[in-house]
There are 2 protein chains.
Amino acid sequence: MLKENYLQDYQNLFAVFNAIHPLSEELKSAIIKNSHIAQVKRKTTLLSAGESSNTIYFIVAGGARVYYLDKDGKQTNTWFLFENELLISVYGFFTGQPSFEYIETLEDTTLIVVKREKLDEMYLQFMEFNFIGRKLTEYYYIRNEIQANELRMLSAKERYEQLLKRNPQLFQRVSLGHIASYLGISQETLSRIRK
Amino acid sequence: MLKENYLQDYQNLFAVFNAIHPLSEELKSAIIKNSHIAQVKRKTTLLSAGESSNTIYFIVAGGARVYYLDKDGKQTNTWFLFENELLISVYGFFTGQPSFEYIETLEDTTLIVVKREKLDEMYLQFMEFNFIGRKLTEYYYIRNEIQANELRMLSAKERYEQLLKRNPQLFQRVSLGHIASYLGISQETLSRIRK
DNA sequence: CCTAACTTTTGATAAAAGTCAAAAAAACAC
DNA sequence: GTGTTTTTTTGACTTTTATCAAAAGTTAGG
């Protein structure tokens with residue numbers, strides 16, 4: 001029973017990967033062997049600035065935010081991630097440099113946890129896994145690019161409207177203060193825009 | 001002689017790739033077979049909005065910019081790329097959707113040209129090529145993420161100073177009008193910041 | 001050179017968004 | 001439920017940046 005529930009948590013991860021490139025049983029086993037499930041409470045810090053960002057998470061249930069502190073010590077959210085999405089601090093995880101970002105859960109969350117060391121082993125052992133990794137990196141890159149373009153091109157109001165249109169559920173799960181910093185505007189301005 | 005010059009153009013590309021993962025002779029041959037060299041003049045448009053973005057370029061010499069038109073028809077630069085860098089319109093190339101961006105050379109430029117179709121063939125035929133593709137995607141993703149963070153976090157003046165510090169050569173090769181839109185500010189504001 | 005085209009700067013004004021402080025509303029805990 | 005904490009809204013004012021128009025400077029060709 002416990003074992004079955006445990007495997008259940010991997011099904012969505014495998015489905016996401018399999019839709020990109022067929023996953024061999026060996027690779028599935030390796031993923032299970034090289035990872036574990038974690039249940040964490042809301043507002044749990046998974047990564048702090050200065051630490052080495054050596055873990056990648058797949059969100060089975062729940063959600064998290066990535067943020068950093070600006071020069072006045074104010075939190076700026078760069079990303080919100082929910083079920084069936086991968087969760088990392090991009091800069092730290094990809095470069096190996098100490099993180100300047102924090103990761104914190106927004107809700108009680110179930111995660112599949114993989115250390116970068118193990119991930120890198122799998123990338124070397126299963127070359128086809130790089131196909132999947134490449135595609136996923138492309139996917140998140142696009143999202144990031146859209147974000148950067150909108151910050152450059154749209155006014156505060158337009159960015160809000162765009163987000164509301166593209167991702168209305170976000171407003172159900174994340175406070176307006178958090179969304180404001182994600183949009184690159186002050187909470188007061190967001191409040192005024194919404195009227 | 002011609003042949004040698006021709007191969008010479010591939011050396012930097014191979015060096016970049018080889019630093020990530022050893023390139024087999026077969027893969028090198030495949031890359032040469034599936035690509036060609038192009039010499040283009042300054043201000044040549046390599047991609048226009050609405051077109052399918054089905055080509056990836058490696059810049060052997062010269063440089064290019066990626067831009068789009070905002071709702072008032074004004075050009076907004078999203079990227080400047082120079083020798084030994086890869087050149088694509090990210091969104092269009094990765095999604096297969098029609099491009100909303102333009103690519104234009106900034107200088108007379110020598111390019112290695114690969115069609116996405118051929119690239120995808122190589123990704124399937126040489127699984128280790130995905131290792132290289134993944135790493136390169138990660139690298140450009142990080143650059144993009146830094147850009148997005150700076151747009152969100154820094155004032156116009158700080159963004160200018162950051163760019164000047166990180167990439168001073170850019171100011172030698174790109175006009176201030178182009179840099180202004182890249183920084184997400186008006187040309188007049190950039191001019192005032194610089195005093 | 002010298003003109004034409006393009007790029008950068010300057011000035012005046014307007015619009016957008018931030019800051020600070022406090023009130024109101026909502027969510028949470030006992 | 002009632003008090004406490006957190007989140008959101010509101011008001012007054014300031015700062016930042018955009019816009020429009022024009023002048024000055026620079027570059028490239030004939």
Side-chain angles (χ1 to χ4, degrees), chain A residues 41-45 62-63 65 67 69-77 80 104-108 147-164 168-195, chain B residues 41-45 62-63 65 67 69-77 80 102 104-108 147-164 168 170-195:
Chain A
K41 286 276 165 218
R42 179 166 188 267
K43 298 213 177 187
T44 300
T45 297
R65 68 189 177 107
Y67 70 93
L69 303 181
D70 70 16
K71 55 200 177 315
D72 303 324
K74 216 176 55 196
Q75 297 185 358
T76 303
N77 295 300
F80 302 112
E104 188 189 87
T105 52
L106 292 161
E107 311 169 356
D108 293 355
Q147 224 181 263
N149 287 348
E150 288 181 357
L151 285 166
R152 201 168 357 222
M153 178 161 79
L154 303 181
S155 67
K157 188 176 179 192
E158 290 167 326
R159 296 203 295 277
Y160 166 72
E161 284 162 356
Q162 191 70 41
L163 185 65
L164 190 60
Q169 338 76 280
L170 191 65
F171 292 79
Q172 257 60 66
R173 299 179 79 169
V174 174
S175 76
L176 292 173
H178 281 156
I179 286 174
S181 81
Y182 176 78
L183 290 171
I185 59 182
S186 70
Q187 173 155 200
E188 294 93 326
T189 297
L190 178 58
S191 175
R192 289 182 179 112
I193 284 168
R194 281 164 61 83
K195 286 196 316 183
Chain B
K41 287 273 164 219
R42 179 164 187 267
K43 298 213 177 187
T44 301
T45 298
R65 69 189 177 105
Y67 70 93
L69 303 181
D70 71 16
K71 55 200 177 313
D72 303 325
K74 216 176 54 197
Q75 297 185 359
T76 303
N77 295 299
F80 302 113
Y102 297 75
E104 189 189 88
T105 52
L106 291 163
E107 311 169 358
D108 293 355
Q147 223 181 265
N149 287 348
E150 288 181 357
L151 284 166
R152 205 173 348 227
M153 177 161 81
L154 303 182
S155 68
K157 188 175 179 191
E158 291 168 326
R159 295 202 296 277
Y160 166 72
E161 284 163 354
Q162 191 69 43
L163 185 66
L164 190 61
L170 191 66
F171 292 79
Q172 256 61 65
R173 299 179 79 170
V174 175
S175 76
L176 291 173
H178 282 155
I179 286 174
S181 82
Y182 175 79
L183 290 171
I185 59 181
S186 72
Q187 174 157 199
E188 295 93 327
T189 298
L190 179 57
S191 175
R192 288 180 180 112
I193 284 168
R194 281 163 62 82
K195 287 195 315 184

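The chains referred to below are lettered A, B, ... by the order of the sequence lines, with proteins before strands, and numbering in each begins at 1.
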Practice task
Using a cut-off of 6.0 Å, state whether more than 12 heavy atoms not belonging to B:K41 lie near its atom NZ.
Solution key: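 No, not enclosed.
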Any donor-acceptor N/O pair under 3.5 Å between D:dT19 base and B:R192 side chain
yes
In whole angstrom, what separates [X]'s [atom1] from [N]'s [atom2]?
| X | N | atom1 | atom2 | value |
| --- | --- | --- | --- | --- |
| B:L106 | C:dT7 | CG | P | 11 Å |
| A:M153 | C:dA16 | CE | C1' | 18 Å |
| B:L183 | D:dT16 | CG | P | 17 Å |
| B:R194 | D:dT17 | CZ | P | 16 Å |
| B:L190 | C:dT7 | CG | P | 14 Å |
| A:Y160 | C:dA16 | OH | C1' | 18 Å |
| B:Q187 | D:dC20 | CD | P | 15 Å |
| B:K74 | D:dA18 | NZ | C1' | 8 Å |

Look at all strands and tell whether B:S175 reaches a base, only sugar-phosphate, or nothing, counting heavy atoms closer than 4.0 Å. sugar-phosphate
Side chain of [X] (C-beta onward), nearest among [options]:
| X | options | answer |
| --- | --- | --- |
| B:E188 | C:dA21, C:dG11, D:dT8 | C:dG11 |
| B:T189 | D:dA18, C:dT8, D:dA21 | D:dA18 |
| B:S186 | C:dT9, D:dT10, D:dA18 | D:dA18 |
| B:I185 | D:dA18, C:dA17, D:dT9 | D:dA18 |

Check: Looking at A:D108 and A:R42, does any basic side-chain N land under 4.0 Å from a carboxylate oxygen?
Finding: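 Between A:R42 and A:D108 there is no salt bridge, as every charged N stays at least 4.0 Å from the carboxylate O atoms.
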Give a yes or no on whether the backbone of B:T44 and the side-chain of B:T105 come within a donor-acceptor separation of less than 3.5 Å.
yes
Task: Donor-acceptor pair, side chain of B:R152 and main chain of A:G184, under 3.5 angstrom - done: no
Discussion item. Could you check whether any side-chain heavy atom of B:Y67 comes within less than 4.5 Å of a side-chain heavy atom of B:H178, counting everything from C-beta outward?
Written reply: no
Q.
Does C:dT10 have its OP1 or OP2 closer than 4.0 Å to a side-chain nitrogen or oxygen of B:K195?
A. yes
